[in-house]
Amino acid sequence: MTAAEIPWPSPPGRKKDPILNRMKSERYNAREAEPRWQKIWDEREIFKTKNDDPRPKYYVLEMFPYPSGRIHMGHVRNYTMGDVVARYMRAKGHNVLHPMGWDAFGMPAENAAMANKVHPKAWTYENIATMKKQLKSMGLSLDWSREVATCDPSYYQHQQKMFLDFWKAGLVERKTSKVNWDPVDMTVLANEQVIDGRGWRSGAEVEQRELTQWFFKITNYSEELLSALDTLDRWPEKVRLMQKNWIGKSEGLLCRFMLAKPQGGHGEIEVFTTRHDTLFGASFVAISPDHPLAKSIAAQNPKATAFIEECKKMGTAQEAIDKAEKLGFDTGIRAQHPFDAKWELPVYIANFVLMEYGTGAIFGCPAHDQRDLDFARKYKLPVLPVVVPEGIDPKTFEIGTEAYDGEGRLANSRFLDGMTIEEAKEEVAKRLERETRGNRPVAQRQIQYRLRDWGISRQRYWGCPIPVIHCVKCGVVPVPDKDLPVVLPEDIEFERPGNPLDRHAAWKKVSCPKCSGAARRETDTMDTFVDSSWYFLRFTAPDAKTPTDAKAVNYWMPVDQYIGGVEHAILHLLYSRFFTRAMKATGHADLDEPFKGLFTQGMVVHETYETKDGTFVSPAEIRIEGMGDARTASLLSNGEPVSIGAIEKMSKSKRNTVDPDDILSTYGADTARWFMLSDSPPERDVIWTEEGVQGAHRFVQRLYRLTNEIAEIAAPENVSRPAEFGAEATAIRKTAHTALARVGEDIEKLRFNRCVAHIYEAANSLGSAVSKTGGAKPSAHLAYAFREAGDIMIRITEPMMPHLAETCWSALGHKNLVTEQAWPKLESSLLLEDEITLPVQINGKKRADVTVPRDANNADIEKAVLALDAVKKALEGKRPKKIIVVPQRIVNVVA
RNA sequence: GCCCCCGUGGCGGAACUGGUAGACGCGCCUGACUCAAAAUCAGGUGGCCGCAAGGUCGUGCUGGUUCGAUUCCGGCCGGGGGCACCA
């Protein structure tokens, strides 16, 4: 369709008498206008992005949704924000990539399959269709031609290929790990699916099981993932901190404690410590109940066995007993102090020592570690302070019930006495590194990370199959590239618990690619976090025959602005950072950090309503009367009173959700978008209120009316610029250009609430200017100013309310699309005032104003200030002690 | 327990690097239009004193630095988030 054929709406209300016209002017009908503009954008393919465009690129991405069924308000907020950025950057002359896809594998599809006997695939694709329609009705400027769904073989085949490449590169490992096993559903549960030690669905007590699982070796990149956080200066500090803590680097010492008497083949205990400075304060050694030495002791000692069993129970008994008492079992074994073989320390099995961290063994220094102190007090072990705060006499320094973990100087520590903690650590490390027992140094420096390898195995159907074959003869064999993808079988049944793939004999049965003998397929599928770890790369070339297209990746990556919920601060974002590096290592990409800018938006929250019997009811089911503290709610159905509860995240269980479809069909997409952007800063939670939505909707109508009024008096589109402007015209132009400057600036900083305020402010000011004309035909320069201001207003509104902006743009007489217009050129000279009014303070309190020329010097300003009545009065004829002039800001007279 | 963030009118929130506290919106009050209502338009709206001009207090509490503090520093109180026997 060419421009001439576009069915341009005739500008409404173009009649002779503007006053009469204003009264009659019809309302903006979003329901009619929005689909019409969407269709025009669609037909002209204006959001379709080319990979070979000479303009500078800009990649804006919102976290893609899980196709749960319908979009929710959180999506509306998230995608509106991204769309504002996308539309703005397009107007600023960038080639913008703004794609959308579906995080389409995952458990809800399997749960739905079990509950409703619908195939996960059918369920997922139906949801995608519904949600796509909903997203389209929001008027998002997305390039839908790049849409991907992670459950489609055309997507996951590449993931399988990369899994194999990672494997070749040594980034995949198969090892045993502890999992939460639901014995009834016969499946592995994620931590969040274990509630009070029981499976969330079956209610069965969850067991800890050792299973052989597939892992990605993310720990190979611990140090890099940590240090590169410093380069992510456009990420929220909070997220970087969370990742830093998650990686949990600590520098310490691996130190061997020789046993006085060897025990079942164990001649020593290796300990990891970060406080080797306190070694002379040691009073015991403790090992984990899972430590090999503990097992060897248990083999001969029933009491030890009983204690270890006790500890295991404690482990499953959940967080309530998290503050569990420190318990230990004295093994009777004695360990020698590394600096003094005659000094023997008791060895305990202790419930608070974790096998998964460090070496599974510690030495306890009660004076300087709270846990060790609690333990020592319980078992009456010595407590000797060895670090004493500066200025305190070591002889009088005593430890009561609180360990001292602050700064200080060493004491009671032989050759370390008087040193700082750092000096003592260095000295201890140096000496023990040199000392040897059995030809090995006693200690070595070690860097320890909390980060563990990423277990990607899931015993589930609806996920990406791990492309591996198990052969009795050849062991674990990769599926050859030519046999990819390993496609999920569709004929599966969910009647019985367990993994349907594991029960699918025909699918499982396969011949070994190496020896052609009988073999079986791996039935684990991948964690869905794998799917979302590279979709942003796939968007750059969604049809490439290989996982990525080098040229496209190099052109588009990194993502310039990524927007999503803070709940993904750690896992998704850390996995993606790892995956991008792994793809670099295997030649699928050429960068380290995928997301240059990250923004985490707040949630959408709403009041909750609860009936007397404690059931939650939805906002749609109630009526609210009164205001402020006197607000009351009652059920629409029977008038029964309902209590108004806390404001919480919208959730199905609290029934405090508002369906975007209802809002869209009542008020239109622009109202919803505008409300989502107003008031609350984007990183904070926004409270959804009916009043707020109505306020937003009022502005939609107001801007529409204002535009039509401006259209009446504005100069024609192409009239040439007058040489001079009067005061009124200049004021109008200042209003428009100030808004232009501020809105642009604030979009770039993602401060959408302020953009909204600027537009309100400008609309107020332009409204007054229009009223002042009283309907009379304005002079040429004033008419020009109105034309300019009207155009600017609508152009800067478009990123936020694109449909309304198109309607207004055509009302202003334009025959093209505002969406395709460049961002207006700022006349910055208009932002400068000729005269400025400075507040005048006397002793720090504002007492007057003084108006001076913009470029007045300090002496002139001082003179003007001293001439003010208020200042004269305050000084009572005396000279001021001091006058502080802050240029362009303020004057303070110190009397 | 450790780490981080946040406390501003009736409400959501503005206030750039220490420089007029309360922009903008919601709500409320008054007026215009209307038979009336809604919508719309005009005006007002932190507390206290005052007819007013104006004064005075005021950014969780409390000290401090400064000519000047919502902003910086110390202590306390309240709310939210992250991690959690991490050696």
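Throughout, a chain's letter reflects where its sequence line sits, starting with A, and its residues are numbered from 1.
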Please determine, for [N], whether a Watson-Crick or G-U wobble partner exists with both distances under 3.5 Å, and give it or none.
N	result
B/A87	none
B/C2	B/G82
B/A21	none
B/G31	B/C41
B/G7	B/C77
B/U56	B/G47
B/C72	B/G64

Practice task
Report the residue from A/F257, A/F329, A/F375 that forms a ring-ring contact (aromatic ring centres under 6.0 Å, His included) with A/F284.
Solution key: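 Single pass found, and it is A/F375.
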
Handout entry: 5′-ward residue of the pair A/K846/A/V686 relative to RNA chain B
Key =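 Result of the comparison: A/V686.
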
Practice task
Select from A/F352 and A/D685 the residue whose nearest nucleotide in RNA chain B is closer to the 5' end of that strand.
Solution key: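 Counting from the 5' end, the first nearest nucleotide belongs to A/D685.
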
Using a heavy-atom cut-off of 4.0 Å across all strands, would you classify [X] as base, sugar-phosphate, or nothing?
X	value
A/S680	sugar-phosphate
A/Q841	base
A/V353	base
A/V886	base
A/F272	base
A/L241	sugar-phosphate
A/D369	nothing
A/D372	nothing
A/R742	nothing

Considering only the [atom1] atoms, how many Å lie between [N] and [M], rounded to the nearest integer?
N	M	atom1	result
B/G60	B/C16	P	16 Å
B/G75	B/C24	C1'	36 Å
B/C2	B/U56	P	45 Å
B/G74	B/G25	C1'	38 Å
B/C26	B/G22	C1'	15 Å
B/U66	B/G19	C1'	12 Å
B/U59	B/U20	C1'	15 Å
B/G31	B/A36	P	13 Å

Handout entry: Donor-acceptor side-chain pairing of A/D453 and A/T219 below 3.5 angstrom
Key = yes

Problem - Side chains of A/S250 and A/T274, donor plus acceptor under 3.5 Å - result: no

Whole-Å gap separating [atom2] ([N]) and [atom1] ([X]):
X	N	atom1	atom2	result
A/K845	B/U56	NZ	P	6 Å
A/K772	B/C41	NZ	C1'	16 Å
A/R240	B/G81	CZ	P	23 Å
A/R684	B/C6	CZ	P	9 Å
A/Q694	B/C11	CD	P	21 Å
A/R702	B/G25	CZ	C1'	10 Å

Would one find a side-chain N or O of [X] under 4.0 angstrom from OP1 or OP2 of [N]?
X	N	result
A/Y357	B/A87	yes
A/R705	B/C41	yes
A/R698	B/C26	yes
A/N753	B/G25	no
A/N245	B/C86	no

Exercise for the section: Look at the rings of A/F280 and A/H337 and say which category their plane angle falls in: under 30° parallel, 30 to 60° tilted, over 60° perpendicular. Expected result: parallel

Exercise for the section: On the 0 to 90° scale, with breaks at 30° and 60°, tag the A/Y348-A/Y379 ring pair as parallel, tilted or perpendicular. Expected result: tilted

Completion exercise
Looking only at B/G82, B/G12, B/C24, the nucleotide nearest the A/I570 side chain is B/G82

Exercise for the section: Could you tell me whether A/R240 and A/E237 make a salt bridge, using a distance below 4.0 angstrom between a side-chain N and a carboxylate O? Expected result: yes

Handout entry: A/K249 and A/E223 ion-paired at < 4.0 Å
Key =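 Yes, A/K249 and A/E223 are salt-bridged.
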
Handout entry: Heavy-atom pair with the smallest gap, counting every atom of A/V865 and A/V840
Key =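 Where A/V865 meets A/V840 most closely, the heavy atoms are CG1-CG1, 3.9 Å.
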
Exercise for the section: Mark yes or no for a side-chain to base donor-acceptor pair under 3.5 Å between A/K881 and B/C67, with no hydrogen or angle criteria applied. Expected result: no

